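Only this structure's heavy atoms are used, side chains among them; waters, hydrogens and symmetry mates stay out. Source: prediction; values computed, not measured.
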Amino acid sequence: MAPAAPPPAKRALPTKENTVFKSLLQLYESRQYKKALKAADQILKKVPEHGETTSMKGLVLTNMDRKEEGIDLVKKGVRLDITSHICWHVYGIVHKSDRNYEEALKCYRKALQYDKDNVNIIRDSAQLQLQLRHYDGLRETRLALLKLRPFVRTGWIGLAVAYRLNGNLQGARQVLKQYISSLKDVPNYDLEYSELMLYYIRLLEDLQEYSEAMQLLDVHAKGRSIVDKTAITLLRGESREKAMQLLQQLAADLPRANAPKRLPLTICTCEAFRPLVEPYLLSGLSRGIPSLFADVKSLYVDLEKRQMIEEYVTNLCVSLTGPTTSGERTENSTQNLGPEPSTYIWSLYFLAQHHSYISPTKPQKALEYIDLALAHTPTLPELYMIKARALKRAGDPIGASRAMEDARRLDKQDRFINTKTAKYLLRDGQVEGASTILGLFTKESQKDAASPGSDLEEMQSLLYMLEEGDAFRRMGKLSMALKRYKGIEKAFAEFEDDQFDFHSYCLRRHTLTAYETYVTDLPLMSCDDLTQPFSLLRWEDNAKSHPAYVSSALSAARIYIRIYDDPALIVASAPASLTDTQKKARKKAKKAEKKAETPMLAPTDDKDSPPAPAKDEDPDGMKLLSVVDPLEQAMRLVKPLEDLQASDIRIWLIAYDISLRRKKYLQALKALKAACELDKNSSELHYRVIEFKSTVDSSQLSADMKGSIDEVLPLLVPSGLSLEQFNNDFVQRNSGSAAAQLGYSRALWIMYKDSEKRRAEDALASLSREDVDTSIQIGLDALAFLRDVVRSPQVDNLRTALAQRFPASTIFKAESEREQLRADHTRAAATEEEKAEELI
């Protein structure tokens with residue numbers, strides 16, 4: 001082998017400086033940045049044009065909050081020594097710290113051109129290729145790494161995973177088989193070997209070599225090589241009857257365990273359900289388990305099982321009450337039905353939840369059970385919480401927030417109840433009250449955060465950001481709503497970046513089944529799905545299909561569409577004079593920023609000093625709202641969801657709205673076609689189809705585009721049918737649907753504007769009829785349409801009619817009435833608080 005070429009003369013350092021440069025690398029690795037900076041300055045003082053030292057100095061500065069200066073030095077170092085692998089590697093590290101993974105990978109490739117056997121750079125390249133899902137390049141990189149270090153076990157595992165991700169199952173099998181054959185004297189119950197064998201068996205199953213997979217599974221399960229017994233059972237794929245036998249045996253062996261008693265309720269038939277569910281329900285009610293209903297409500301998908309549950313708990317409650325009052329019990333009932341009076345209370349609690357769940361807009365039955373329970377035991381917080389939930393579902397956010405506040409006053413130190421109270425206050429539009437409660441459990445109380453909101457955003461509280469964003473949107477504060485939705489987007493970007501370190505960790509610890517399963521085409525599973533193996537890669541690829549992200553992305557896109565249609569909303573959303581709470585938060589934020597900018601008097605250790613808090617450049621969200629390309633911003637949010645959530649019709653409808661305004665008619669038609677395949681009878685789709693046909697008929701289109709549209713449009717609107725007839729047919733076909741009436745009205749407005757205003761108003765007036773199937777949300781949408789689009793004087797009439805249709809709701813009352821109700825609730829709560837303090 002020919003000797004390695006000597007480094008260029010400009011890269012060579014004198015002996016003393018070369019020693020200092022080696023110490024510079026060590027100081028950087030140990031994060032002693034101040035000492036590293038001194039070492040770099042010492043070398044550059046003697047050799048000012050040394051590219052590698054210049055790059056390293058820039059890298060150190062980027063970690064000392066002098067990022068711009070550091071990046072300039074890194075670029076200068078590359079210019080000074082463009083053939084140095086160190087300079088390119090450093091440049092890649094800087095790009096990686098900025099989450100610019102594509103550019104980082106390009107820099108690593110450039111570094112490998114000048115040092116192709118550098119193990120560190122090859123390993124870092126493999127991690128970036130996994131992060132970017134560049135599986136073709138990953139296979140070559142992993143193969144090169146294995147050739148350089150064949151004695152490192154992660155090299156074999158990494159190559160097998162690379163083959164598997166490329167779809168080369170036979171290649172992965174050969175690599176794993178060769179690696180497993182090289183292992184000697186593996187101890188029993190070795191977790192890493194257990195995970196490796198499970199991954200190998202799953203690979204054989206994917207290759208449809210079931211006999212070999214089962215043989216290996218039996219041998220290693222008996223030989224104590226595979227530790228995970230649950231995985232063994234899942235791989236064997238037992239039948240329902242066998243599963244029931246196993247669970248019964250497990251319940252007998254572990255009589256205090258709950259899971260062996262609960263799982264049979266899901267997999268058993270209706271004939272065997274009653275004798276299993278009755279003792280399970282009685283045990284939960286006797287022990288006073290508040291989450292019992294949440295545990296069994298997944299069984300409600302089977303109406304027969306739901307009916308059995310309702311009958312049993314109702315009969316139990318009646319038998320506990322008996323012919324006497326609720327405070328009196330017969331001797332037999334006391335002996336047969338468990339502890340008294342808790343079983344009775346929890347039975348009422350369960351029935352309240354049951355009826356609120358199955359009849360959300362008719363809370364009377366649920367409230368009857370709650371009132372009975374409160375009359376018996378008025379000091380149980382859970383009763384007030386379910387009352388709040390029943391009122392929320394009935395459309396009474398004011399009463400719901402008051403009931404949840406009553407629950408909080410019974411246990412003010414319970415973090416869960418305080419969080420629920422804040423959530424209900426946000427849904428009632430009481431943002432400041434919610435912020436005050438949340439501040440009790442955040443760094444706000446220690447003066448470490450500018451506001452509870454900033455701390456909760458730092459902790460990535462999706463619930464808080466989504467609920468407060470929705471509250472601001474309903475209040476018309478679109479800039480602050482966008483700011484909260486942006487916080488959710490940032491949180492998911494961090495989720496994606498957090499996987500980076502796991503690429504090496506999972507290979508090192510052999511947790512391969514949790515890292516990359518053999519199933520790649522399954523949708524994102526829920527945490528309750530125990531029948532499919534978890535996959536980190538698959539979860540990360542589908543993370544943005546999380547309901548919180550989807551909801552925030554669609555809401556933000558709708559806001560951008562609104563400001564495109566009406567730019568005056570930007571001015572209207574500008575913050576007015578601040579409230580006392582906002583002034584206090586703003587003052588505290590400025591104080592925190594000033595403190596962060598003030599240099600520390602005493603030197604601190606580089607490794608232990610916390611990073612300074614980032615300055616909020618857009619505290620009011622006005623920069624987010626005042627973008628010059630709102631439609632492009634909206635499309636950026638919606639586009640990834642078209643693949644992740646293709647079965648969600650909302651995404652295609654929003655994509656259509658954006659594309660139509662961008663005059664991308666083929667994209668708009670594609671979105672309509674996708675929505676039609678999901679639900680061709682959707683009222684939201686109906687009026688958009690009419691809008692699209694009206695638009696393209698009145699537009700000057702090229703011959704090619706017109707031909708493409710004419711080819712697909714008959715799938716949406718039958719040929720030869722006028723839009724008027726198409727609209728009439730739709731509403732006649734769905735005469736009992738409030739959603740159809742709203743879609744019909746919207747279509748009339750699109751076709752005729754003011755000339756058919758009365759017909760649109762009359763169609764919406766039918767929403768208050770008992771024979772029309774409506775909901776609170778449809779009523780709100782109808783009011784918004786009349787108020788914001790039609791600008792009809794019939795808004796108040798429709799609001800009054802809807803309030804009569806939903807008598808338990810307060811959401812259809814005028815704002816002045818709702819403010820009066822809030823004031824009454826506040827006074828009543830203050831009075832009760834004073835009485836409680838007097839008793840104490």
Side-chain angles (χ1 to χ4, degrees), residues 105 108 112 116-207 209 212-213 215-217 219-221 223-228 231 235 499-520 533-538:
L105 185 58
Y108 286 170
L112 288 173
K116 64 179 180 178
D117 294 336
N118 190 301
V119 173
N120 291 330
I121 301 177
I122 295 175
R123 186 170 54 244
D124 289 349
S125 298
Q127 281 188 271
L128 283 174
Q129 286 167 334
L130 269 170
Q131 182 79 6
L132 295 168
R133 308 298 192 261
H134 291 179
Y135 296 140
D136 290 337
L138 175 66
R139 180 187 55 211
E140 303 302 324
T141 303
R142 279 292 175 187
L143 185 59
L145 195 59
L146 182 62
K147 289 179 179 178
L148 288 172
R149 290 193 173 183
F151 51 84
V152 177
R153 61 179 184 175
T154 55
W156 293 89
I157 304 299
L159 180 59
V161 170
Y163 275 127
R164 172 65 192 88
L165 291 172
N166 275 280
N168 188 348
L169 304 184
Q170 287 292 350
R173 177 189 180 182
Q174 291 175 5
V175 171
L176 283 178
K177 187 175 182 179
Q178 186 172 352
Y179 171 64
I180 292 171
S181 65
S182 68
L183 300 175
K184 306 296 182 184
D185 300 325
V186 179
N188 291 335
Y189 304 113
D190 185 83
L191 292 176
E192 293 183 358
Y193 185 73
S194 171
E195 287 291 320
L196 179 63
M197 290 309 303
L198 283 174
Y199 184 75
Y200 184 57
I201 291 169
R202 290 187 187 279
L203 186 61
L204 291 175
E205 183 183 1
D206 207 27
L207 285 165
E209 299 189 9
E212 184 179 352
Q215 183 181 359
L216 275 175
L217 184 64
V219 169
H220 288 281
R224 302 176 181 178
S225 297
I226 297 180
V227 181
D228 191 344
L235 282 170
Q499 69 174 307
F500 189 85
D501 293 332
F502 284 92
H503 296 314
S504 59
Y505 171 84
C506 292
L507 298 181
R508 189 171 66 250
R509 302 298 297 176
H510 284 51
T511 55
L512 302 176
T513 52
Y515 175 67
E516 187 276 312
T517 70
Y518 66 102
V519 181
T520 57
F534 177 80
S535 166
L536 172 68
L537 294 181
R538 183 157 51 89

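- Between the CD1 atom in I201 and the CG atom in L217 there is a gap of 5.0 Å [rounded to 0.5 Å].
- Comment: R508 does not engage E192 in a salt bridge, judged by the lack of any side-chain N to carboxylate O separation of less than 4.0 angstrom.
- In terms of heavy atoms, A172 sits closest to A160 at CB-O, 3.4 Å.
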Checklist line | Residues Q174, Y163; criterion side chain to side chain contact (heavy atoms under 4.5 Å, CB included); working and verdict | finding: CA-CA 10 Å; Q174 291 175 5; Y163 275 127; over 6 Å; no

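- Annotation: the span from T154 atom OG1 to L159 atom CG amounts to 11.5 Å, rounded to 0.5 Å.
- Annotation: E212, atom CD; neighbour count of heavy atoms from other residues, nucleotides and ligands within 6.0 Å is above 12.
- For the atom pair L204 CG and M197 CE, the distance stands at 8.0 Å (nearest 0.5 Å).
- Between atom CZ of residue R173 and atom CG of residue D206 there is a gap of 12.5 Å, rounded to the nearest 0.5 Å.
- Looking at heavy atoms from C-beta onward, I180 lies in side-chain contact with Y193 at the 4.5 angstrom threshold.
- Listed for the S194 side chain is no donor-acceptor partner under 3.5 Å among the backbone atoms of D190.
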Next item on the list: Go through Y200 and K177 one step at a time and tell me if the side chain to side chain contact (heavy atoms under 4.5 Å, CB included) criterion holds.
Entry: CA-CA 8 Å; Y200 184 57; K177 187 175 182 179; 3.9 Å; yes

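- Not one N or O on the side chain of N166 forms a donor-acceptor pair closer than 3.5 Å with the backbone of N168.
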Margin query: Let's go through H503 and L128 carefully: what are the C-alpha distance in whole Å and the side-chain angles of both, what is the deciding distance for side chain to side chain contact (heavy atoms under 4.5 Å, CB included) to 0.1 Å, and is it a yes or a no?
Written below: CA-CA 9 Å; H503 296 314; L128 283 174; over 6 Å; no

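- When all heavy atoms of Y108 and I121 are compared, the pair lying nearest together is O-CG2, 3.8 Å.
- For Q127 (side chain) and F500 (main-chain N/O), a donor-acceptor pair under 3.5 Å exists by modelled atom type.
- At least one side-chain heavy atom of R123 sits less than 4.5 Å from a side-chain heavy atom of V119.
- Taking 4.5 Å as the limit, every side-chain heavy atom of W156 sits out of range of all side-chain heavy atoms of L176.
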Identify all side-chain donor-acceptor contacts of residues 139-150 below 3.5 Å with residues at least two apart in sequence or on another chain.
unit_1	atom_1	unit_2	atom_2	d
T141	OG1	Q129	OE1	2.9
T141	OG1	Q129	NE2	3.2
T141	OG1	G137	O	2.9

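- With rounding to the nearest 0.5 angstrom, the CG atom of L203 is 8.5 Å from the CD atom of Q170.
- Under a cut-off of 6.0 angstrom, the local environment of OH in Y135 is crowded, with over 12 non-hydrogen atoms contributed by other residues, nucleotides or ligands.
- Taking CZ of R153 as the reference point, atom OG of S182 lies at 11.5 Å (rounded to 0.5 Å).
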Item checked: Worked verdict on I157 versus V175 for side chain to side chain contact (heavy atoms under 4.5 Å, CB included) -> CA-CA 8 Å; I157 304 299; V175 171; over 6 Å; no

